[in-house]
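Residue numbers count from 1 along this sequence. When reading the values below, keep in mind they use all heavy atoms of this one structure, side chains included, and skip hydrogens, waters and symmetry mates.
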Amino acid sequence: MYTMMQVCKETNMTYQALKYYCNEGLIPNVKRDKNNRRIFDERDLKWIKDLVCLKKCDMSIQEMKEYLNLCLQGASTIPQRKEMLARKKKAILASIEELNGCVDYIDWKQEFYDDVLSGKRPYISNLIAAEKE
């Protein structure tokens with residue numbers, strides 16, 4: 001069994017986030033020790049790690065609740081869960097494509113700066129007015 005703090009360390013979650021997830025019902029069947037403190041087993045820990053991943057996939061709390069509800073209904077809801085995850089994957093891939101464009105820009109700009117610093121090309125800025133000759 002794991003305490004809240006142990007789960008936080010294992011999942012890299014804040015204590016407040018884990019408590020919030022518990023209070024929002026995202027972690028079903030939370031158990032309590034003799035002092036009424038939340039405790040978690042291996043299955044809980046695996047699910048909490050899944051929640052962390054879903055959050056990183058930009059899934060809202062409401063979407064996580066919907067996903068959890070589908071999971072709790074069993075195998076019959078696998079097609080709906082697959083569709084939810086497919087939509088998230090599509091959005092993530094679009095974000096990756098956009099970020100790759102940003103990386104390409106940074107690479108181009110770094111090369112431009114290297115060329116300016118080495119004297120291969122003159123410095124031209126869109127922000128500074130060109131000097132009149």
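- The shortest distance between side-chain heavy atoms of Thr11 and Tyr2 does not fall below 4.5 Å.
- Residues Gln6 and Met1 are not in side-chain contact: their nearest non-hydrogen atoms beyond the backbone lie 4.5 Å or more apart.
- With a 4.5 Å cut-off on side-chain heavy atoms, Thr3 and Arg37 do not count as touching.
- Distance CG/Leu18 to CE/Met13: 5.0 Å, rounded to 0.5 Å.
- Summarising the local packing, NZ of Lys109 is surrounded by more than 12 heavy atoms from other residues, nucleotides or ligands at distances under 6.0 Å.
- Using a 4.0 Å cut-off between charged nitrogen and carboxylate oxygen, Arg87 and Glu83 count as a salt-bridge pair.
- In this structure, CG on Asp58 lies 13.5 Å from NZ on Lys56, to the nearest 0.5 angstrom.
- Contact check for Lys55 versus Tyr21: side-chain heavy atoms found under the 4.5 Å cut-off.
- A chain of hydrophobic side-chain contacts below 4.5 Å, direct or via other Ile, Leu, Val, Met, Phe, Trp or Tyr residues, connects Ile27 to Leu72.
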Tell me, with the steps shown, if Trp47 and Asn29 meet side-chain contact (heavy atoms from CB on, under 4.5 Å).
CA-CA 12 Å; Trp47 174 246; Asn29 309 313; over 6 Å; no

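- Put simply, Val30 and Val52 are part of the same group of oily side chains (I, L, V, M, F, W, Y) that touch within less than 4.5 Å, one to the next.
- Taken to the nearest 0.5 Å, the CG atom of Leu51 stands 7.5 Å off from the CG atom of Leu68.
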Check against side-chain contact (heavy atoms from CB on, under 4.5 Å), Leu45 and Val7:
CA-CA 7 Å; Leu45 182 61; Val7 169; 4.2 Å; yes

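- A 6.0 Å sphere centred on CG of Asn12 holds no more than 12 heavy atoms belonging to other residues, nucleotides or ligands.
- Between the OH atom of Tyr105 and the CD atom of Gln110 there is a distance of 10.0 Å, given to the nearest 0.5 Å.
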Derivation and outcome, side-chain contact (heavy atoms from CB on, under 4.5 Å), residues Leu85 and Leu54:
CA-CA 9 Å; Leu85 294 175; Leu54 294 174; 4.0 Å; yes

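- Partner of Glu24 under the side chain to side chain donor-acceptor pair (under 3.5 Å) criterion, chosen from Gln62, Lys19, Lys65: Lys65.
- For the residue pair Thr77 / Gln80, no side-chain donor-acceptor distance below 3.5 Å is found, with atom types taken as modelled.
- For CG of Asn126, the number of neighbouring non-hydrogen atoms (other residues, nucleotides, ligands) closer than 6.0 Å is 12 at most.
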With side-chain contact (heavy atoms from CB on, under 4.5 Å) as the criterion, how do Arg38 and Arg32 come out once you've worked through the C-alpha distance, each side chain's angles and the decisive distance to 0.1 Å?
CA-CA 4 Å; Arg38 293 177 181 97; Arg32 301 226 176 220; 3.7 Å; yes

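- Looking at heavy atoms from C-beta onward, Glu10 lies out of side-chain contact with Ile48 at the 4.5 angstrom threshold.
- Aromatic ring orientation, Tyr123 versus Phe112: tilted (interplanar angle from 30° to 60°).
- Considering every non-hydrogen atom in both Lys88 and Cys57, the closest pair reads CD-O, 3.5 Å.
- Between the CD atom of Glu97 and the SG atom of Cys102 there is a distance of 11.5 Å, given to the nearest 0.5 Å.
- When Leu26, Asp50, Asn69 are each tested for a side chain to side chain contact (heavy atoms under 4.5 Å, CB included) with Met64, only one passes: Leu26.
- Atoms CE and CD, from Met4 and Gln16 in turn, are 9.0 Å apart once rounded to the nearest 0.5 Å.
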